[in-house]
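Read the structure below first, then the notes.
Just so you know, residue 1 is the first one in the sequence shown, and it goes up from there.
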Amino acid sequence: MTAPDQVRQGRRVEPRPSTKPQGSVRRGFGVTLRLDRWSLRPMAIALGILAFVTYAGFSSVLLIPGVLGVDYAAEGYHSPFFSLGLAEGFLPGWISPAIFVLWIQVLFRATCYYFRGAYYKSLFADPPACAVGEPTIHRRFGMENRFPFILQNAHRFTLYLAFIPMAVLWYDLVIAAWHDGSPRLGLGVFLIGADALLVSLYVFSCHSLRHLVGGSLDCFSCTRNTRRRHGVWARVSSLNLHHGTWFWASLVSIVIADLYIRMLAMGVIDSSTPLIGGFL
């Protein structure tokens, strides 16, 4: 049996290449025959990523009571970067409790199939866009065939962890909606609720979840169980069509909810604020 036949039948695994294959695109950064403004999309994505990372780092690491003297909770609301104020009074004041939540989100999002494609193009120019040449230095790298990028394959395991902060967000919503022994429908409740919903849509539209519920099957219609799994797979697949949208929308919702709660904590917004003062 020839080597190609063994590969097709799953009896032979070809070794991973140590460097990137040459491909058919002309060499050289930005070299292309495209006439459209292909650079606008990766530039916009790069700016969005850098803006969120800067804000999230500042808010979750520096904008805490023990550093800059700003609380991450106000009026019964908790910032989604911190959620439930885990480890309050346990850690030194200069260490952010956000470390108990953020590491899961960072691992899950950084290894996300959609996001990998987005930041590979926008930050690493790998490639900058379809049919656009890469920097010649990329010929030396194997990307996901080598450490540390080979760890991207752990995304399926980070999915299991991602359900923890998602559940905490929904619990935060319950706490926010029941304040001082009575229900309320303040603006903060709607913002936290929107964040919990968008984060859930992002998690449930995950490519790995789609494979988890419908993968490893040769027949979707053979038994009642496989038909049931096909139904779940179809629903996850419909969400997966907009996975990138849920990714960015959930980032925006996190920032808006956090910013609102910080303004409440700093007294920028209070009961006398026009339009929203009566709906805190």
Side-chain angles (χ1 to χ4, degrees), residues 14 16-59 102 105-156 158-159 162 194-195 198-211 236-256 258-259:
E14 291 294 327
R16 293 177 178 268
S18 58
T19 58
K20 289 172 63 66
Q22 180 177 338
S24 59
V25 179
R26 295 184 179 183
R27 293 184 179 181
F29 176 61
V31 176
T32 183
L33 296 177
R34 291 178 58 169
L35 301 178
D36 62 322
R37 298 181 178 180
W38 59 265
S39 61
L40 294 182
R41 180 179 175 84
M43 287 176 60
I45 291 176
L47 289 175
I49 294 172
L50 294 175
F52 178 80
V53 170
T54 301
Y55 178 86
F58 177 77
S59 179
L102 282 184
Q105 292 285 11
V106 168
L107 288 178
F108 179 61
R109 290 182 183 264
T111 59
C112 166
Y113 295 137
Y114 161 78
F115 191 41
R116 279 148 64 176
Y119 70 76
Y120 282 179
K121 292 182 176 69
S122 58
L123 300 181
F124 300 157
D126 184 45
C130 293
V132 178
E134 305 178 25
T136 55
I137 194 174
H138 283 182
R139 287 178 294 174
R140 303 179 183 178
F141 299 101
M143 292 304 290
E144 294 187 5
N145 293 322
R146 288 186 175 183
F147 182 84
F149 292 102
I150 196 172
L151 297 178
Q152 302 279 30
N153 294 309
H155 178 63
R156 69 192 71 177
T158 66
L159 168 67
D195 181 45
L198 290 170
V199 169
S200 298
L201 288 171
Y202 172 59
V203 173
F204 282 110
S205 65
C206 175
H207 294 75
S208 288
L209 181 63
R210 182 171 177 264
H211 176 74
V236 175
S237 297
S238 66
L239 292 176
N240 181 258
L241 291 174
H242 308 285
H243 190 53
T245 301
W246 307 134
F247 174 88
W248 289 106
S250 61
L251 289 189
V252 172
S253 68
I254 290 172
V255 170
I256 292 176
D258 177 77
L259 191 59

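- Rounding to the nearest 0.5 Å places CZ of R210 at 11.5 Å from NE2 of H243.
- Put simply, the side chain of Y119 gets close to the backbone of A110: a donor and an acceptor are under 3.5 Å apart.
- Between C206 and the options L159, V236, T158, a side chain to side chain contact (heavy atoms under 4.5 Å, CB included) holds for only L159.
- Every residue two or more places apart in sequence or in another chain that forms a side-chain hydrogen bond (donor to acceptor under 3.5 Å, both in side chains) with Y120 is listed here: E144, Q152.
- Here the side chain of N240 pairs a donor or acceptor atom with the backbone of S205 at under 3.5 angstrom.
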Anything under 3.5 Å between a donor and an acceptor, one on a side chain of residues 245-252, the other on a protein residue two or more places apart or in another chain? List them.
residue, atom, partner, partner atom, Å
W246, NE1, L239, O, 3.3
W248, NE1, Y114, OH, 2.7
S250, OG, R109, NH1, 3.3
S250, OG, R109, NH2, 2.9
S250, OG, W246, O, 2.9
S250, OG, F247, O, 2.8

Do any side-chain atoms of residues 37-49 form donor-acceptor pairs under 3.5 angstrom with protein atoms, and if so which ones, sequence neighbours left out?
none

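- Taking all atoms of both residues into account, the shortest heavy-atom contact from R34 to C130 is NH1-O, 2.8 Å.
- When all heavy atoms are compared, the tightest approach of S122 to A118 is OG-O, 2.8 Å.
- Residue pairs that meet the salt bridge (Lys or Arg N to Asp or Glu O under 4.0 Å) test with at least one member in residues 48-57, sequence neighbours left out, do not exist here.
- In this structure, C112 SG and L107 CG are separated by 13.0 Å, a value rounded to the nearest 0.5 Å.
- For the side chain to side chain donor-acceptor pair (under 3.5 Å) condition, the pairs that include at least one residue of residues 46-59, sequence neighbours left out, are Y55-D258, S59-D258, S59-R262.
- Minimum heavy-atom separation, L209 to V203: CD2-O, 4.0 Å.
- A heavy-atom distance below 4.5 Å is not found between the side chains of H207 and H155.
- Under the salt bridge (charged side-chain N to carboxylate O under 4.0 Å, His left out) criterion, R156 pairs with no residue, sequence neighbours left out.
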